[in-house]
Amino acid sequence: MRPAGRALRLTVFLGESDRWQHRPLSTEIVHRAHAAGLAGATVFRGVEGYGASSVVHTARLLSLSEDLPVTVVIVDAEERVRAFLPVLGEVTGERLVTLEPVEIPRLGQPESATPEDSA
């Protein structure tokens with residue numbers, strides 16, 4: 001179910017080569033979020049970036065990287081996201097994780113509206 005109103009966005013910053021027990025760490029996080037019943041998780045693959053190592057990773061053809069930046073973004077009610085943090089901590093270690101408050105607007109017609117209401 002999609003939350004509405006105030007929520008919390010959890011972002012995990014990874015590299016494409018980060019693994020958890022021989023599988024991509026981003027995949028492990030998504031599966032754990034799903035098992036925890038969170039509203040949704042999305043993995044974004046970056047085209048260029050750098051982190052704590054200060055090494056720039058890029059997808060440009062002349063300098064192909066095998067470790068492009070990856071982020072996992074999860075949005076749900078604050079209490080559900082905060083309850084997931086210990087589970088996330090089991091696999092992320094010292095990687096960068098951020099929390100930001102977000103607002104999820106209700107768009108479109110209310111469910112109880114009829115076509116005559118908009119006339």
Side-chain angles (χ1 to χ4, degrees):
M1 186 171 101
R2 190 182 127 189
R6 301 249 180 245
L8 204 58
R9 177 177 53 222
L10 166 72
T11 306
V12 183
F13 295 86
L14 307 169
E16 201 171 37
S17 66
D18 290 339
R19 297 278 185 262
W20 175 259
Q21 298 181 353
H22 307 292
R23 96 194 247 188
L25 181 53
S26 59
T27 299
E28 182 66 23
I29 293 169
V30 168
H31 285 265
R32 286 180 181 228
H34 185 259
L38 294 172
T42 303
V43 177
F44 295 95
R45 182 176 183 232
V47 296
E48 190 166 19
Y50 71 93
S53 70
S54 295
V55 175
V56 176
H57 302 277
T58 181
R60 285 182 275 154
L61 190 57
L62 295 176
S63 56
L64 285 177
S65 174
E66 295 179 9
D67 192 24
L68 292 172
V70 173
T71 57
V72 181
V73 177
I74 298 168
V75 177
D76 205 330
E78 180 174 356
E79 60 275 4
R80 295 174 59 82
V81 171
R82 290 195 183 278
F84 182 66
L85 291 176
V87 175
L88 181 64
E90 294 173 8
V91 296
T92 57
E94 296 295 313
R95 289 174 181 86
L96 179 62
V97 175
T98 63
L99 295 171
E100 300 92 23
V102 295
E103 184 175 343
I104 302 172
R106 282 226 184 264
L107 302 175
Q109 292 184 340
E111 292 178 13
S112 61
T114 62
E116 295 81 31
D117 292 339
S118 61

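None of the values given here were measured: they were computed from a predicted structure. Numbers for residues simply follow the sequence, beginning at 1.
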Task: Student check: side-chain heavy atoms of Glu16 and Pro69 closer than 4.5 Å - done: no

Could you pull out every donor-acceptor pair under 3.5 Å between side chains of residues 96-103 and any protein atom, sequence neighbours left out?
residue: Thr98; atom: OG1; partner: Glu100; partner atom: OE2; Å: 2.6
residue: Glu100; atom: OE1; partner: Arg9; partner atom: NE; Å: 3.1

Open item on the list: Side chains of Trp20 and Arg32, heavy atoms from C-beta outward: is any pair under 4.5 Å?
Closed with: yes

TODO: State which residues pass side-chain hydrogen bond (donor to acceptor under 3.5 Å, both in side chains) with Thr11; sequence neighbours excluded, sorted by chain then number.
DONE: none

Open item on the list: With a 4.5 Å cut-off on side-chain heavy-atom distances among I, L, V, M, F, W and Y, is there a chain of contacts connecting Val87 to Leu25?
Closed with: yes

TODO: With sequence neighbours excluded, tell me which residues meet side-chain hydrogen bond (donor to acceptor under 3.5 Å, both in side chains) with Arg80.
DONE: Asp76

- [ ] Of all the heavy-atom pairs spanning Ile104 and Ala7, show the shortest one and how long it is.
- [x] CD1-CB, 3.7 Å

Task: Minimum-distance pair of heavy atoms, taken over all atoms of Leu10 and Phe84 - done: CD2-CD2, 4.0 Å

Task: Which atom of Val70 lies closest to which atom of Gly15, heavy atoms considered - done: CG2-C, 4.2 Å

TODO: Determine whether Leu85 and Val91 fall in the same hydrophobic cluster, where Ile, Leu, Val, Met, Phe, Trp and Tyr are linked whenever their side-chain heavy atoms lie under 4.5 Å apart.
DONE: yes

Task: From CD (Glu28) to CG (Leu14), nearest 0.5 Å - done: 12.0 Å

- [ ] Report yes or no: do Val72 and Val75 belong to one cluster of Ile/Leu/Val/Met/Phe/Trp/Tyr joined by side chain heavy-atom distances under 4.5 Å?
- [x] no

Task: Ion pair Glu78/Arg6, N-O distance below 4.0 Å - done: no

Task: Leu88 CG to Arg82 CZ distance, which is reported to the nearest 0.5 Å - done: 13.0 Å

Open item on the list: Grouping I, L, V, M, F, W and Y whenever their side-chain heavy atoms are under 4.5 Å apart, do Leu8 and Ile74 come out in a common cluster?
Closed with: yes

Task: Common cluster, Leu68/Phe13, ILVMFWY with side-chain heavy-atom separation under 4.5 Å - done: no

